[in-house]
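Report on the structure given below.
This structure is a prediction, so every number in the text was calculated from the model and none was measured. Proteins get letters first, then strands, A, B, ... in listed order; numbering begins at 1 in each.
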Amino acid sequence: MDHLEALEHQSLYILREARAKISRLAMLWSMGKDSTVLLWLTRKAFFGHIPYPLIHIDTSYKIPEMIQYRDRLARELGFELIVGQNTTALAQGMNHRRGRLVCCTALKTEALQQVIEQHKFEAIIVGIRRDEEGSRAKERVFSQRSEKSEWDVVGQPPEFWDQYRTDFPPGEHVRVHPLLSWTELDIWRYIERERIPIIDLYFARGGRRYRSLGCAPCTASCASDAGSVAEIIDELVATRTSERSGRAQDQEHSHAMEKLRVKGYM
Amino acid sequence: MSQLAFIVVGHVDHGKSTLVGRLLADTGALQEGRVEKIQRICQEQRKRFEYAFLLDALEEEQLQGVTIDITEARFRWQDRDYLVIDAPGHQEFIKNMISGAAHADAALLLVDAKEGVQEQSRRHAYLLSFLGIRQVAVVVSKMDLVEFSQTIFDRVTDDYTPVLADLGLRPVAFIPVSASDGDNVTVHSERLPWYHGPSVLEVLQRFPVTPRGTGGPLRIPVQDVYKFDDRRIIAGRIEGGCVRVGDEVQVWPSGHRARVSSLERWPPAAAPPTTATTRQTVGLILDYPLFIQRGDVLADPANPPQVSNFVAANIFWLGRAPLVPNREYKLKLVTSERTAEVFSIARVMNAASMHVEHGKAELAQNEAGEVVFRTARPLVFDPAAAVPETGRFVILDGHDVVGGGIIQEAEELYRRSYRHGLPKSAGISPMQSGVTLADRAVAYGHKGHVVWLTGVPGVGKSTLARYLERELFDRHVKTFVLDGENLRFGLSADLGFTDADRSEQARRAGEVARLFRLAGFVVIVALVSPFDADREYARTLVGHENFTLIHLEARPAILRERDPHGLYSRVAGGAAVAVPGLSSPYEPPVGPALRVDTGGESVQTSGARILELVLPSIGAPPLAGRASDRGRPGRLLRVVDGPQRRREVDDRRGADGAPQRTRARGDVPRRGCRPHAPLEGARLQPGGPRRERQADRLRRRRDRPSPRRGDLRGGEPL
């Protein structure tokens, strides 16, 4: 079994554990490369079926192609799509100029929290990876959240071997992270090997491409000529720039992501 | 593309994160954004550049200058990928260190040259050993603070070596390092001219990625059963062995059997898979709709797991509240969950001082101990030495994971139920033997077994038992007869002939037979044993596949004529004597393996029929004349000869080359992964095609389920 195969089987195992242990389960889907792989793994784990709804948190500031892609795929694959939006905050004019961390918390974290409360979800599957940034490197596969979605980063439970913590007191919920051990390069190599269709914002147009997708005002493209998955892989092998360097909210504060994430950010 | 995952452990402040940061910097693994970010943070805090901050990403960690949680980082060095796991050294964060070590192939143990071996140096070493990480090297850090003194380095080496040796850890190297200056991290340092060993990176390069063997018996703990469409898919991950389409699998704890009719996959492939191997997730469709649920284990019928209400394990306890008796815990083993209670605690060890205490009734936080748990429903498991993945579990108190356990070999304890009350002694735990059942089977050329002869007095049990004993003995099979009458002179001298005493007599005979079986003997029990429940209890004590029940019968006229003890004539004469089958109850067995009419056939004929049944079960050749007749004295059977078995052991060697304790699986035929793979392990000697067919037939008959464990199709009783 090669490295990618080992990662794949580990993720399939985690997805099946989540489905077996948690009745009210949903998956966060942002149409990016990681959640695209996650959706593919879901269909693999459940033999072509998608046995839980997909949640998209729509900040209303997403790159327009992403929304078109989202609706097309939902029609084609026929899964249940839940679109979450913090309409109250938007009505009050929330945007990134009020502070990126404030905006992220309102339009993403709070919107997700609203969906969780409305649908009484006990667990959300999220495609984060340890190699993305420092606080995500500290995550568990099954990660506990308080009633208010808060992450007690210092008091995390142990994970002995593959014995994930799948029991939670009522009220608390859990984030399930099947891609935690994958790297950005693993994701692309897997996309290449499995020939997974992917949104074309990742491919270079006019010498620029997106390496990480988010809200239009806070996501910068990078200079690149990579027009295919194979070229993206070559580019990543050579680069020393970090994946999220185009994501403005990360640069807002030294511990921006940690601060966002303890409050329930993905 | 192989990736080596290694963890860096050691006492708090001995410089783990600094070493990791240095490794990342020296191998060019740092992404631009990361370094700038740390530079900015260090400026904010008015500190000089801290390598440790590359890993200690949490604000709390950086403010306190201490690692709280594990973190991972990756680097590539000379065509190999490394995943480094930085673990906290603080006692409070032991649980985090465990989470980090759970997936490591190797470990670097750090010891500060100035401080020497400390509490966490010992506890972390214990935990590495506990979690099964055997590839270790010791890094003696902060050598710059002791002026690169060889004397100090040697002292640390001398102090730590015996501690590690006690834990079964043999480090491949002790490396003197100054991580902040980079001495001996990637290349040799001029400042340590007396050191001629490898640098840290050189040691890492030499660690092999732990080979995950695909051998061993098949184990698929069931995760779920899917009925999304018209297929009924059993989903799980193969934790040991491999499976092919067409293989028969046995489901535990029920014992039902079915064949694998397909391996499902999405997206559908032109050529669907026909085999799957260890660590692969699978979706199986079986040829018969057995009732299967999450937590069941699919296994190779020739090599079943243990199924027991008792499990003996080494426990490491993390709970704030101690592990105590008379409290309900949850035991989680792969996908099965059982309510469990402490049955006994023995030999409690303080993992920091390595001090062992006896007679403690509880296990406190960060202590390790030998604990026997009793589960409400039978647990399906293996000793960890045989199948690591199904040989370990976690303990939950409420919703919290509070401990981990590694299951020991404890044949004396497993497959045992207590029909007559639990053991009265407190604080007992099974003592492990270095000689396994398989070792004995290899040495003796056969496995242990119990042949239980039941029947009314005078039916000929002792005669047949003595005949079988001679026949087996002459075939060089280790054998012994437990005769009911003989037991009454000693072990059962306190018993008479009441129903209760006959029941107790059967219990004792069953327990002794169990011991003889474990010792590798073929035990012949010649005992009236009038009650079905007693005989079936003996079967559970010995294990279904190790137990052959024979019912001896004869017409009443023949019994009266033989009457060796004059019992029948005394009853006829009106004496109040309890003779089972005549003046007291005798329950004929419902499904004996064989019925023998001692009035209708000779001892030789009956004996041959029994041997035909028993010899294949113990891995001995079927009836083919005595060994001496074939001019082959000594061992009867080619049970995995030396090289084969050595290979098995080699596969499990640690980096230090020391064989890790393992149960040789030579005592039963093992299935290969490839189609048409030759059977490995014990093989019967060639006895001609006809004889092999006969042996096959017998084996099939033997493997047919007994009524109590019969599959839903209803196996016909023999």
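- With rounding to the nearest 0.5 angstrom, the CD atom of A/Glu159 is 11.0 Å from the NZ atom of B/Lys95.
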Side chain to side chain contact (heavy atoms under 4.5 Å, CB included) evaluation trace for B/Asn96 with A/Arg140: CA-CA 10 Å; B/Asn96 297 340; A/Arg140 301 288 188 267; 2.7 Å; yes

Check against side chain to side chain contact (heavy atoms under 4.5 Å, CB included), A/Gln163 and B/Arg392: CA-CA 10 Å; A/Gln163 295 289 358; B/Arg392 57 202 189 194; 5.9 Å; no

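- To the nearest 0.5 angstrom, B/Glu264 atom CD is 7.0 Å from A/Phe47 atom CZ.
- Between B/Phe228 and A/Pro51, the shortest heavy-atom distance links the atoms CE2-CB, 3.8 Å.
- Most heavy-atom pairs under 4.5 Å with chain A, from the set B/Leu318, B/Leu131, B/Leu396: that is B/Leu131.
- For a residue to count as touching a neighbouring chain, one of its non-hydrogen atoms must lie under 4.5 Å from one of that chain's; by this rule B/Val402 does not touch chain A.
- Side-chain atoms of A/Pro157 and B/Val401, non-hydrogen and from C-beta on, never get closer than 4.5 Å to each other.
- If you measure heavy-atom distances from B/Arg265 to chain A, the contacts under 4.5 Å come from the backbone alone.
- For the pair A/Met1 and B/Thr278, the tightest heavy-atom approach, listed with the atom from each and the gap, is CE-O, 3.8 Å.
- For the residue pair B/Asp229/A/His49, the side-chain donor-acceptor check at 3.5 Å is satisfied.
- Within the model, atoms OG1 of B/Thr281 and CD of A/Gln10 stand 9.5 Å from one another, a figure rounded to the nearest 0.5 Å.
- Using a 4.0 Å cut-off between a side-chain N of Lys or Arg and a carboxylate O of Asp or Glu, A/Asp162 and B/Arg279 qualify as a salt bridge.
- With a threshold of 4.5 angstrom between heavy atoms, A/Tyr13 approaches chain B through its backbone and through its side chain.
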Test side chain to side chain contact (heavy atoms under 4.5 Å, CB included) applied to B/Arg237 and A/His9, step by step: CA-CA 8 Å; B/Arg237 180 168 62 190; A/His9 284 291; 5.5 Å; no

CA sep, side-chain torsions, deciding dist, call: B/Gln223, A/Arg19, side chain to side chain contact (heavy atoms under 4.5 Å, CB included): CA-CA 9 Å; B/Gln223 271 190 292; A/Arg19 170 107 199 319; over 6 Å; no

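- Under a 4.0 Å N-O distance rule, the pair B/Glu337/A/Lys21 qualifies as a salt bridge.
- If you measure heavy-atom distances from A/Ala45 to chain B, the contacts under 4.5 Å come from the backbone alone.
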Worked check of salt bridge (Lys or Arg N to Asp or Glu O under 4.0 Å) between B/Lys332 and A/Asp167: CA-CA 11 Å; B/Lys332 187 168 178 244; A/Asp167 285 353; over 6 Å; no

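- Once rounded to the nearest 0.5 Å, the distance linking CH2 of B/Trp266 with CH2 of A/Trp40 reads 4.0 Å.
- For a residue to count as touching a neighbouring chain, one of its non-hydrogen atoms must lie under 4.5 Å from one of that chain's; by this rule A/Glu5 touches chain B with the side chain only.
- Aromatic pair A/Phe46/B/Tyr226: ring centres closer than 6.0 Å.
- Ranked by non-hydrogen atom pairs under 4.5 Å with chain B, the options A/Gln144, A/Arg43, A/Glu194 are led by A/Arg43.
- One distance of note links CD of B/Gln3 with CG of A/Asp186; it measures 7.5 Å at 0.5 Å rounding.
- Here the side chain of A/Lys44 pairs no donor or acceptor atom with the backbone of B/Pro267 at under 3.5 angstrom.
- Here B/Arg294 pairs with A/Glu17 in a salt bridge; the nearest charged N to carboxylate O distance falls below 4.0 Å.
- Nearest heavy atom pair, residue A/Pro158 against residue B/Ser99, reads CA-OG, 3.2 Å.
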